[in-house]
Participant: 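This is the structure I want to talk about, given as structure tokens.
Remember, it's 1-based here, ligands and their atoms both numbered in the order they're listed.
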Amino acid sequence: MFIRLNGLVPQTALDGDAEGWVLTVDGEVDTPLSLSLDDLKSQFENVTLQLVVECGGNGRAFFQPGSSGNQWTTGAVGCPEWTGVRLADVLKAAGVKSSAVYTGHYGNDVHLSGEEKDTISRGVPIAKAQEPEGLIAWAMNGEDVPALHGFPLRLVIPGYPGSVSQKYLTRIWVRDQVHDGEKMGGYSYRLPAYPVAPGTEVPEEDMVILEEMPVKSLITFPQTGTEVPAGQAAEVRGHAWAGNGDVAAVHVSVDFGRTWQQATLDPAPNRFAWQRWRAQVTPPIAGYYEVWARATDANGVSQPPVSPGWNPRGYGNNLQHRIALIAV
Ligand SMILES: Nc1nc2c(c(=O)[nH]1)N[C@H]1C(S)=C(S)[C@@H](COP(=O)(O)O)O[C@H]1N2
Ligand SMILES: [Mo]
């Protein structure tokens, strides 16, 4: 699991101290709630799901020209098993008013400056928050959420940029407008409203919020540069996921995209989990090959061979992953 922090790990997380932790749900609700960890665990159905968290900037390093931010290549994604309660159930208990538009998320991490201000406070449209897969989680892979991943409580809202999955969660503010917390505005997690040439200076008012993440896949086996026997089948495998929750197919190519073959795609354990895929590829004669992988979502939208949609901060790059294969 990758780690991304915009601020400092709170002392409570470093100490593993969840004593007196309270989650507040307020704003456009009939009944504002103050919930302890025990309240959450005892008053709502406990749910365990495998959910993808992917940083909006995963793949940023492949854009040209580059942009500031973590130079992620392929690694800013993971799919642990999360245990918690449904965000939707907690919102239902609070009674979401018809005036509700968006959520605003808050945690107790400390700004890098040390000053008392939010490091990051993002949110999602109320309909997204009411989907059954969004969790308020206290466990990751069957253990307390680790300090770096949000102990003792975090949101996991799959399909959207990882930044909406607030760690060290203390408050969910139901808003009557699009949330305007830290890193909701300007160029943060925003894309130009129209396609722009790489390097364009886009006016701030032309930027729109990045919501659903695009379909994507990774080749996780074998390691790039592996030698395989020429003329024989070699197994290639990996993961695929989509921001809209449904992967339809994965294809692989060993001839630079001239021809593609369909991979075997395992079913997802639940919606918004990544799916494993595998394929047998046969390099005909000795030489240099590349394996390219391409996932397609349920709408028939698939991954491009080059970086798509350049944007000022380098978000949403789902170009096809490729590895080298040496046939001997
Ligand atoms: N409180 C808090 N939550 C946060 C962040 C943060 O800096 N502070 N970073 C966000 C971003 S940008 C991402 S990509 C994910 C990363 O989650 P992980 O570190 O558990 O992989 O957490 C999100 N939640
Ligand atoms: Mo992120």
Participant: Nearest to atom 21 (O) of ligand 1, what protein heavy atom do you find, and at what distance?
Facilitator: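 Answer for atom 21 (O) of ligand 1: Phe2 O, 2.6 Å.
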Participant: If you have a sec, work out which protein heavy atom is nearest atom 6 (C) of ligand 1 and how many Å separate them, to one decimal?
Facilitator: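 Atom 6 (C) of ligand 1 sits closest to the protein heavy atom Ile120 CG2, 3.4 Å.
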Participant: Name the closest protein heavy atom to atom 17 (O) of ligand 1, giving the residue it belongs to and the distance to 0.1 Å.
Facilitator: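 Protein heavy atom with the smallest distance to atom 17 (O) of ligand 1: Arg154 NH2, 3.4 Å.
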Participant: For atom 8 (N) of ligand 1, what's the nearest protein heavy atom and its distance?
Facilitator: Asp109 OD2, 2.6 Å
Participant: I need the nearest protein heavy-atom contact for atom 23 (C) of ligand 1: residue, atom name and distance, please.
Facilitator: Gly162 O, 3.3 Å
Participant: What is the nearest protein non-hydrogen atom to atom 3 (N) of ligand 1, stated with its residue, atom name and distance?
Facilitator: Lys167 N, 2.9 Å
Participant: Is Lys216 salt-bridged to Glu54, cutoff N-O under 4.0 Å?
Facilitator: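 Yes, charged N to carboxylate O under 4.0 Å.
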Participant: Answer yes if the side chains of Asn6 and Arg4 hold a donor-acceptor pair under 3.5 Å, and no otherwise.
Facilitator: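 Their side chains do contain a donor-acceptor pair, which is all the 3.5 Å distance test asks for.
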Participant: Is the gap between the ring centers of Trp260 and His251 under 6.0 Å?
Facilitator: no
Participant: Looking only at protein heavy atoms, identify the closest one to atom 10 (C) of ligand 1 and say how far it is in Å.
Facilitator: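 Looking only at protein heavy atoms, the one closest to atom 10 (C) of ligand 1 is Ser163 CA, 3.7 Å.
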Participant: Indicate whether the side chain of Ser217 and that of Gln303 have a donor and an acceptor atom separated by less than 3.5 Å.
Facilitator: yes
Participant: Within the structure provided, determine whether Pro80 and Asn141 are in side-chain contact (heavy-atom separation under 4.5 Å).
Facilitator: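 They are in side-chain contact.
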Participant: Less than 6.0 angstrom from the centroid, inside 45 degrees of the normal: does Arg171 satisfy that with respect to the ring of Tyr106?
Facilitator: yes
Participant: Are a donor atom and an acceptor atom from the side chains of Asn108 and Thr170 found within less than 3.5 Å of each other?
Facilitator: no
Participant: Under a 4.0 angstrom heavy-atom cut-off, which atoms of ligand 1 come close to Tyr189?
Facilitator: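 Heavy-atom distances to Tyr189 below 4.0 Å select 12 (S).
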Participant: Which atoms of ligand 1 have any heavy atom of Leu5 under 4.0 Å away?
Facilitator: 7 (O)
Participant: Under 4.0 Å from any heavy atom of Tyr168, which atoms of ligand 1 are there?
Facilitator: 1 (N)
Participant: Tell me, which protein residue and heavy-atom name are nearest atom 7 (O) of ligand 1, and how many Å apart are they?
Facilitator: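 Atom 7 (O) of ligand 1 sits closest to the protein heavy atom Asn6 N, 2.6 Å.
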Participant: Determine whether a donor-acceptor pair (N or O, by modelled atom type, separation under 3.5 Å) exists between the side chain of Arg322 and the backbone of Glu290.
Facilitator: no
Participant: Going by the atom numbers of ligand 1, which of them fall below 4.0 Å from some non-hydrogen atom of Cys55?
Facilitator: 14 (S)
